[in-house]
There are 2 protein chains.
Amino acid sequence: MKSGMELVQIYECLCDTTRLRILNVLGQGPLCVCHFQEILNEPQVKISKHLAYLRVRGLVEVERRGNWMIYELPANPSRELAANLACLQDCATEKAVFNRDLARLRRLDLTCAPVAAKRGTTKRCC
Amino acid sequence: MKSGMELVQIYECLCDTTRLRILNVLGQGPLCVCHFQEILNEPQVKISKHLAYLRVRGLVEVERRGNWMIYELPANPSRELAANLACLQDCATEKAVFNRDLARLRRLDLTCAPVAAKRGTTKRCC
DNA sequence: GATTCATATACCTGCACAGGAATATGAAAT
DNA sequence: ATTTCATATTCCTGTGCAGGTATATGAATC
């Protein structure tokens with residue numbers, strides 16, 4: 001986390017639906033960009049730019065694995081961030097969009113390995 | 001509360017420092033615009049416009065009392081709104097700006113009646 | 001070394017909003 | 001009726017995105 005992290009900056013990150021969906025999905029664990037594309041069903045550039053927005057502001061962290069970029073929630077979030085992410089997860093359980101995303105995430109977990117095998121590589125992004 | 005209230009709209013209301021300060025102060029009870037001006041030490045137009053922003057989106061409610069407009073948090077907030085306001089109050093306790101506001105609010109409570117008396121009216125806005 | 005794959009960035013357009021100055025409203029006091 | 005007081009609204013300017021298209025990067029594969 002950045003030290004000068006202000007509460008407003010957290011809320012600025014939270015005031016876009018796509019970013020909310022990203023953070024909600026990340027609550028289940030790290031994920032790569034291609035999976036975000038499938039889960040949110042949004043164009044690559046859109047996902048990528050929102051992830052950059054979140055990264056610059058310290059709401060997500062990245063790690064490269066070959067061609068894939070694995071995004072995850074910060075390992076040591078500030079108290080405010082932790083509180084707000086928890087609040088978001090809680091609120092999200094009541095909203096259809098977020099539930100649909102989580103459903104698609106679960107389906108991905110099942111099919112990810114076979115799909116990777118089919119395209120001739122044993123490597124998985126996440 | 002509006003029925004179509006979405007989570008993002010709440011966050012949109014929260015992503016401005018002035019509005020955060022307003023909501024934090026309102027956590028202590030209803031307040032009129034003139035007191036917001038004193039507590040936040042911001043120009044009238046700024047306060048007024050942010051209050052309008054919050055009112056339109058259902059984050060605050062208004063009641064006229066003579067010349068004064070008394071603002072307060074919604075009587076029946078949605079679950080998301082309640083959760084996020086609670087989260088805000090919690091996070092605010094660690095930040096200097098918010099504490100200073102609350103300190104000025106407490107000081108106002110002490111001086112409000114005498115001041116009203118001094119200007120020759122027994123009526124108080126709040 | 002050329003190509004492919006996964007992702008990022010640059011560039012553009014449009015829109016919503018923040019902040020300030022000036023003015024309008026509307027209730028109360030004179 | 002006019003003035004005063006508390007607050008709201010209008011008009012203006014600048015800025016920060018959101019979303020899209022096209023292009024760049026950089027690792028892996030052929």
Side-chain angles (χ1 to χ4, degrees), chain A residues 6 8-9 11-22 30-57 59-72 108 112 115-116 118-126, chain B residues 6 8-9 11-22 30-57 59-72 108 112 115-116 118-126:
Chain A
E6 285 298 332
V8 193
Q9 270 138 37
Y11 289 126
E12 282 170 352
C13 288
L14 298 181
C15 68
D16 176 277
T17 307
T18 307
R19 289 197 290 268
L20 284 186
R21 293 172 72 193
I22 287 177
L31 212 63
C32 67
V33 182
C34 59
H35 282 169
F36 279 117
Q37 283 177 242
E38 294 187 54
I39 293 170
L40 305 194
N41 195 31
E42 297 280 0
Q44 180 258 325
V45 64
K46 188 169 176 179
I47 301 283
S48 200
K49 283 204 286 188
H50 281 296
L51 282 169
Y53 187 106
L54 293 171
R55 173 168 37 82
V56 167
R57 289 156 181 83
L59 273 269
V60 299
E61 292 169 351
V62 210
E63 177 202 349
R64 170 155 237 143
R65 194 180 310 167
N67 266 338
W68 299 287
M69 301 293 277
I70 315 292
Y71 284 82
E72 58 189 335
L108 258 188
C112 190
V115 162
K118 195 156 68 182
R119 65 171 184 252
T121 167
T122 52
K123 290 187 190 148
R124 291 180 53 197
C125 40
C126 47
Chain B
E6 286 298 333
V8 194
Q9 271 138 36
Y11 289 127
E12 282 168 354
C13 288
L14 298 181
C15 70
D16 176 277
T17 307
T18 308
R19 291 198 288 269
L20 284 187
R21 294 172 71 194
I22 288 176
L31 212 64
C32 66
V33 182
C34 59
H35 281 170
F36 279 119
Q37 282 177 242
E38 294 187 54
I39 292 169
L40 305 194
N41 194 31
E42 296 280 0
Q44 181 258 327
V45 62
K46 189 169 176 181
I47 301 283
S48 200
K49 283 205 287 191
H50 281 296
L51 282 169
Y53 186 106
L54 293 171
R55 173 167 37 84
V56 167
R57 288 156 182 83
L59 274 269
V60 298
E61 292 169 352
V62 210
E63 177 204 349
R64 170 157 238 141
R65 194 180 312 167
N67 266 335
W68 299 286
M69 301 293 278
I70 315 291
Y71 283 83
E72 58 189 334
L108 258 187
C112 190
V115 163
K118 194 156 69 183
R119 66 171 183 250
T121 167
T122 52
K123 289 186 188 150
R124 291 181 52 199
C125 41
C126 48

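The figures here come from the full heavy-atom set of this structure, side chains too, leaving out hydrogens, waters and symmetry mates. Residue numbers begin at 1 in each chain, while the letters A, B, ... track the order of the sequences.
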Is there a donor-acceptor contact under 3.5 Å from the side chain of B/R64 to the main chain of B/G66? yes

Measure from the side-chain N and O atoms of A/R19 to the backbone N and O of A/C15, and report whether any donor-acceptor pair falls under 3.5 Å. no

Report yes if a side-chain nitrogen or oxygen of B/R55 is closer than 4.0 Å to either non-bridging phosphate oxygen (OP1 or OP2) of D/dT7; otherwise report no. no

May I ask you to evaluate whether A/R65 reaches the phosphate of D/dA28, defined as a side-chain N or O under 4.0 Å from OP1 or OP2? no

Between [X] ([atom1]) and [N] ([atom2]), how many Å, whole number?
| X | N | atom1 | atom2 | answer |
| --- | --- | --- | --- | --- |
| A/E42 | C/dT7 | CD | P | 16 Å |
| B/I47 | D/dA6 | CD1 | C1' | 13 Å |
| A/L40 | D/dG19 | CG | P | 12 Å |
| B/I22 | D/dT7 | CD1 | P | 13 Å |
| A/L51 | D/dA18 | CG | P | 13 Å |

Can you see which heavy atom on A/I22 is nearest to which on A/I47, and at what distance? CD1-O, 4.4 Å

So, for B/Y71 and B/V33, which heavy atoms are closest and what is the spacing to 0.1 Å? CE1-CG2, 3.7 Å

Let's see if you can work this out: which of D/dT7, C/dA21, C/dT9 has an atom nearest to the side-chain heavy atoms of B/V45? C/dA21

For the side chain of A/W68, counting heavy atoms from C-beta on, which of D/dT9, C/dG20, C/dT7 is nearest? C/dT7

Is any side-chain heavy atom of A/L20 less than 4.5 Å from a side-chain heavy atom of B/Y11? yes

One pair to check against side-chain contact (heavy atoms from CB on, under 4.5 Å): A/E12 and A/V8. What are the steps and the verdict? CA-CA 6 Å; A/E12 282 170 352; A/V8 193; 4.0 Å; yes

Within the sub-3.5 Å range, which N or O atoms of nucleotides 15-18 of chain C have a protein N or O partner, and how far apart are they?
unit_1: C/dC17; atom_1: OP1; unit_2: B/R57; atom_2: NH2; d: 3.2
unit_1: C/dA18; atom_1: OP1; unit_2: B/R19; atom_2: NH1; d: 2.5
unit_1: C/dA18; atom_1: OP1; unit_2: B/R19; atom_2: NH2; d: 2.7

To the nearest 0.5 Å, what is the distance between CG on B/L51 and CG on B/L59? 11.0 Å

Select base, sugar-phosphate, or nothing to describe what A/V33 touches, counting heavy atoms under 4.0 Å on all strands. sugar-phosphate

When we call it a touch if two heavy atoms are under 4.0 Å apart, what does A/Y71 touch: a base, just sugar-phosphate, or nothing? sugar-phosphate

Salt bridge (charged side-chain N to carboxylate O under 4.0 Å, His left out): pairs with one or both residues in residues 39-51 of chain B, sequence neighbours excluded: B/R21-B/E42, B/E42-B/K46

Distances under 3.5 Å between nitrogen or oxygen atoms of protein and nucleotides 23-27 of chain D:
unit_1: D/dG26; atom_1: N2; unit_2: A/N67; atom_2: OD1; d: 3.0
unit_1: D/dA27; atom_1: N3; unit_2: A/N67; atom_2: OD1; d: 3.4

Please test B/L31 against B/I39 for side-chain contact (heavy atoms from CB on, under 4.5 Å), starting from the C-alpha separation and ending with a verdict. CA-CA 11 Å; B/L31 212 64; B/I39 292 169; 3.6 Å; yes

